[in-house]
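Okay, structure first, notes after.
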Amino acid sequence: MAKNSGHWSQGLLASMNDAAAVVDADDRVVIIKDKYPKALFHFLVLPRQKIPNLKSVTKNDLSLLEHIQKKGEEIAHRANSELKFRFGYHAVPSMSHLHMHVISQDFNSPCLKTKKHWNSFTTEYFVDSKDVIRQIKVKGQFSTDTQRMNELLKSDLRCHVCGKCFATIPSLKAHIVMHDVTKLKDS
DNA sequence: GTTCTAGAAC
DNA sequence: GTTCTAGAAC
């Protein structure tokens, strides 16, 4: 076993080979359930090709990125066609191996516990797949302001539906369950 | 990425 | 006294 292969940041590689985690796969991608889902439905779409992160993506990978998004939209619709979903990448991911999040916008999950969790899915730290693809098309590569992104994670807790601010995670969570996320579809 | 927990915040 | 957050993890 190579050094570091068992490190927590390599966990997605193990999950890709875990039959219990995999929900779908084809010749180019594997789709797994997030081990600690931050919403009712939370999947990760990973390319079989070993791409560490967005920084190593080039124009040669555009069709793969589009395939990843298409497969994500499919699994979301199959999981629940009523809920609003978002499809995108963390600007500064913790886990190695490129992965696109497919996450329903209820954020109703006991695994969502911290300000970092919340802000990583509701601020610009979450980059829509469409915007990643657009940037690769225009600039040929993905770039991000890491320092600014890490500051965004410390932003005040703000409801992603109505914009109201909250002092604590529990008060925010009590608030967001009152929004009917099925009504947000296509908004 | 999570777990654990000290001490801040209430 | 309890809730909640934030930083270390060798």
Side-chain angles (χ1 to χ4, degrees), chain A residues 1-25 29-57 68 71-72 75-76 79 85-129 132 142 144-160 163-178:
Chain A
M1 191 186 276
K3 207 179 191 179
N4 259 4
S5 67
H7 191 258
W8 60 262
S9 65
Q10 305 301 317
L12 295 179
L13 290 164
S15 294
M16 285 174 79
N17 296 310
D18 176 5
V22 174
V23 293
D24 194 18
V29 304
V30 175
I31 308 179
I32 63 175
K33 284 188 283 191
D34 192 292
K35 196 172 180 181
Y36 298 90
K38 305 305 187 295
L40 254 30
F41 299 96
H42 187 183
F43 306 100
L44 303 178
V45 185
L46 304 105
R48 288 188 184 279
Q49 188 185 337
K50 284 192 170 43
I51 301 174
N53 52 56
L54 282 176
K55 287 174 188 168
S56 46
V57 166
I68 287 170
K71 293 296 286 186
I75 197 75
F85 278 79
R86 282 186 75 189
F87 310 89
Y89 301 81
H90 280 157
V92 187
S94 299
M95 307 287 277
S96 183
H97 203 106
L98 188 68
H99 55 284
M100 186 190 75
H101 291 270
V102 175
I103 185 163
S104 56
Q105 296 296 293
D106 49 272
F107 295 114
N108 181 358
S109 166
C111 296
L112 199 162
K113 296 175 176 176
T114 70
K115 176 178 270 191
K116 177 174 178 173
H117 290 155
W118 180 256
N119 285 329
S120 74
F121 287 103
T122 60
T123 69
E124 291 171 68
Y125 191 95
F126 189 88
V127 188
D128 284 313
S129 171
V132 169
F142 177 81
T144 191
D145 183 340
T146 301
Q147 190 181 333
R148 177 170 164 266
M149 289 302 131
N150 286 328
E151 282 164 6
L152 279 178
L153 292 178
K154 297 173 184 172
S155 307
D156 290 340
L157 297 170
R158 182 181 291 277
C159 173
H160 65 312
K164 187 168 189 235
C165 281
F166 293 85
T168 67
I169 290 284
S171 60
L172 170 67
K173 293 186 81 169
H175 167 82
I176 59 177
V177 293
M178 306 202 299

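Within every chain, numbering begins at 1; the chains are lettered A, B, ... in the order of the sequence lines, protein sequences first and strands thereafter.
Side-chain atoms of A/H90 and A/V127, non-hydrogen and from C-beta on, never get closer than 4.5 Å to each other.
Where pairing requires Watson-Crick or G-U contacts shorter than 3.5 Å, the helical stems of DNA chain C with at least three consecutive pairs are B:2-10 with C:1-9.
Between A/P93 and A/H99 the shortest heavy-atom distance is CB-CE1, 4.0 Å.
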Sequence-aligned protein contact record of nucleotides 1-10 of chain B, with B where the base is within under 4.0 Å of a protein heavy atom and S where only the sugar-phosphate is:
BSS-------

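A donor-acceptor pair under 3.5 Å links the side-chain atoms of A/H97 to the main chain of A/P47, judged by distance alone. The backbone N or O of A/K164 sits nowhere less than 3.5 Å from a side-chain atom of A/R158 that would complete a donor-acceptor pair. At least one donor-acceptor pair closer than 3.5 Å links the side chain of A/K38 to the backbone N or O of A/Y36.
Listed by chain and residue number, A/E124 satisfy the salt bridge (charged side-chain N to carboxylate O under 4.0 Å, His left out) test with A/R148 (two or more places apart in sequence, or in another chain). The side chain to side chain contact (heavy atoms under 4.5 Å, CB included) check on A/T122 picks up A/F107, A/W118, A/N119, A/H160, with sequence neighbours excluded. Among residues two or more places apart in sequence or in another chain, the salt bridge (charged side-chain N to carboxylate O under 4.0 Å, His left out) test is passed with A/K115 by none.
Taking CD1 of A/I176 as the reference point, atom OG of A/S171 lies at 10.5 Å (rounded to 0.5 Å).
Only at 4.0 angstrom or more do the heavy atoms of residues 98-108 of chain A sit from any atom of DNA chain C, so none qualifies.
Heavy atoms of A/L12 sit nowhere under 4.0 angstrom from any nucleic acid atom. Note on A/T168: only backbone sugar-phosphate atoms sit closer than 4.0 angstrom, heavy atoms only; bases stay farther off.
When each of A/L44, A/L46, A/V57 is tested with A/L98 by the rule side chain to side chain contact (heavy atoms under 4.5 Å, CB included), just one qualifies, namely A/V57.
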